[in-house]
Amino acid sequence: MTLDFGGSNNTLIVQGLTAFDLENTVTCGQAFRWRRVGDSYHCVVRGRLLVAQSSNGILQVSDYSLEPVEVSDLVDLVVDYFCLQADHAHTEAVLRELDPVVAEAIDFAPGIRILAQEPWECLISYVISARNFIPSIRSTVARLAERFGERVSNDEYEQVYGMQWYAFPTADSLADASVRDIEECGAAFRARYISKLANLVASGEVDLTEIAWLPYRSAKEKLMSLYGVGPKIAECVLLSSMRKYEAFPIDVWISRVLRFVYLRDPKASLKQMEAFAKSKFGDLAGFAEQYLFHWARTLKGDYLRRLDQATK
DNA sequence: ATCCAGGCCATAA
DNA sequence: TTATGGCCTGGA
């Protein structure tokens, strides 16, 4: 696959993309900060404010950060974050071949890339996701950023769009915050988890970059040893920020898909579901999960929820 | 209104 | 090792 890079100043244009859908990728639920503005999507990615739009295999990204960007850095950031160098068309083809249900999910919303998010932001965002729902998660992340993050939007952006953006707060800044402060951003009972994690990371006792280097199994154990991080959140962090594509987060939606569509056993255990996913999808489990999750929640939501109700 | 959600932790068997 | 109850709060 060959990509063409063009653009100037603060703007990058990538051409020749296949199996890439910006909208599906940023709205499928893997990231919590992307915001639609007109026909573009805005987000702070690794401390830089990006405005992205895409159609017909072309992706255009502009940087509106306070600190001006070098075009070569923008290229690196965009390629790495969106995983543009991956042969995702091949991944989709293999998955379609592997299983008809996943094939249906891919047809429903193709071109979902697994974003390479920052481990720290990813960890805290998913801790917030526990026993919560997406609009609230988004709101809490935004409030934490506004209160504890550094401002990143430049004057041009603020004049054009009439709003400001703040970076996701560092571990240091959240370690300085009180549990009460974090609660007030809407984190509620998860605030003590966040506070503890912030202190561990800020002190260097826990190094997420180091964990990311570990192989899947030991990285998962390490993450699960953290207070407030169970199997589901660990898998999410491994998949969304540590490039462990064999990870398969089992949340309520995936659980419904596995129990009612695949296993046809309403009370299949977590272990059974994990074993099934591993044997069925192997190294591509994370990609399958992403497609199935989005499909289950948006297209099959009512149906699956009803089935779940009926078996309780 | 009031009900409950992208889990996790603490107990109990 | 597996099964329950409780948790805060803002959106639906």
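So that the names make sense, note that chain A is the first sequence line, chain B the second, and so on, each numbered from 1.
Both A/Tyr126 and A/Gly228 lie near DNA chain B, and the one whose nearest nucleotide falls closer to the 5' end is A/Tyr126. With DNA chain B read from its 5' end, the first of the two nearest nucleotides for A/Ile134 and A/Met224 is the one closest to A/Ile134.
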So which protein N/O to nucleotides 6-12 of chain C N/O distances come out below 3.5 Å?
| unit_1 | atom_1 | unit_2 | atom_2 | d |
| --- | --- | --- | --- | --- |
| C/dG11 | OP1 | A/Ser139 | OG | 3.1 |

Show me the protein contacts with nucleotides 11-13 of chain B, counting only N or O atoms at under 3.5 Å.
none

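The residue A/Pro249 sits apart from the nucleic acid: no heavy atom pair falls under 4.0 Å. Contact annotation for A/Tyr227: backbone-only contact, meaning every heavy-atom pair under 4.0 Å involves sugar-phosphate atoms and none involves a base. Looking at heavy-atom distances under 4.0 Å, A/Gln30 makes contact with a base. Within 4.0 Å of A/Val127, counting heavy atoms only, lies no atom of the nucleic acid at all. Residue contacts shown for A/Ile250 are absent, as no nucleic acid heavy atom lies under 4.0 Å away.
Across residues 261-275 of chain A, not one residue has a non-hydrogen atom less than 4.0 Å from an atom of DNA chain B.
Ring-plane geometry between A/Tyr262 and A/Phe276 is classed as tilted, the angle between the planes lying from 30 to 60 degrees on a 0 to 90 degree scale. Using cut-offs of 30° and 60° for the angle between ring planes, the A/Phe108 and A/His294 rings count as tilted.
Annotation for A/Asp283: atom CG does not count as buried by contact number, only 12 or fewer foreign heavy atoms lying within 6.0 Å. Taking a 6.0 Å sphere around CZ of A/Arg36, one finds it holds more than 12 heavy atoms contributed by other residues, nucleotides or ligands.
Put simply, CZ on A/Phe32 is 17 Å from P on B/dA5, counting in whole angstrom units. The distance between atom CD of A/Gln309 and atom C1' of B/dA5, rounded to the nearest whole Å, is 12 Å. One interatomic measurement links the two molecules: CD1 of A/Ile233 to P of B/dA5, which rounds to 17 Å at whole-angstrom precision. One can place CG of A/Leu304 at 16 Å from C1' of B/dA5, the figure rounded to the nearest angstrom. If you take CD1 of A/Ile128 and C1' of B/dA5, they are 15 Å apart, rounded to a whole angstrom. Whole-Å rounding puts the A/Lys220 NZ to B/dC8 C1' distance at 14 Å. Straight-line distance from the CZ atom of A/Arg256 to the P atom of B/dA5: 7 Å, rounded to whole Å.
Residues A/Val61 and A/Ala52 come closest through the heavy atom pair CG2-CB, 4.1 Å. Summarising the geometry of A/Tyr291 relative to A/Ala109, their closest heavy-atom pair is CE2-O, 3.3 Å, with the distance given to 0.1 Å.
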*If you write DNA chain B from 5' to 3' in dot-bracket form, with Watson-Crick or G-U pairs under 3.5 Å, [ ] for crossing pairs and | for pairs with another strand, what do you get?*
.||||.|||||||

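For residues 190-212 of chain A, every residue pair satisfying the ring pair (Phe, Tyr, Trp, His ring centres under 6.0 Å) rule, not counting sequence neighbours, is listed here: A/Tyr193-A/Tyr227.
Residues A/Ile128 and A/Leu144 meet the side-chain proximity criterion, which asks for heavy atoms closer than 4.5 Å.
Using a 4.5 Å cut-off between side-chain heavy atoms of Ile, Leu, Val, Met, Phe, Trp and Tyr, A/Tyr166 forms no hydrophobic cluster with any other residue.
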*asked:* Quick one, A/Asp308 with A/Arg256, criterion salt bridge (charged side-chain N to carboxylate O under 4.0 Å, His left out). Give me CA distance, side-chain angles, the key distance, then yes/no.
replied: CA-CA 7 Å; A/Asp308 222 353; A/Arg256 286 168 181 158; 2.7 Å; yes

*Does the pair A/Lys271 and A/Glu274 meet the rule for a salt bridge (charged side-chain N to carboxylate O under 4.0 Å, His left out), with working shown?*
CA-CA 5 Å; A/Lys271 283 209 162 188; A/Glu274 280 174 343; over 6 Å; no

_Evaluate A/Glu184 against A/Arg147 for salt bridge (charged side-chain N to carboxylate O under 4.0 Å, His left out), listing each step before the verdict._
CA-CA 10 Å; A/Glu184 281 173 358; A/Arg147 182 146 174 193; 3.2 Å; yes

*Dump the intermediate steps for side-chain hydrogen bond (donor to acceptor under 3.5 Å, both in side chains) on A/Ser173 and A/Asp176, then the final yes or no.*
CA-CA 5 Å; A/Ser173 63; A/Asp176 288 340; over 6 Å; no

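Salt bridge A/Arg151/A/Glu158: present, at least one basic N to carboxylate O contact under 4.0 Å.
Aromatic pair A/Tyr157/A/His42: ring centres closer than 6.0 Å.
As rounded to the nearest Å, B/dT11 and C/dC8 have P atoms that lie 14 Å from one another.
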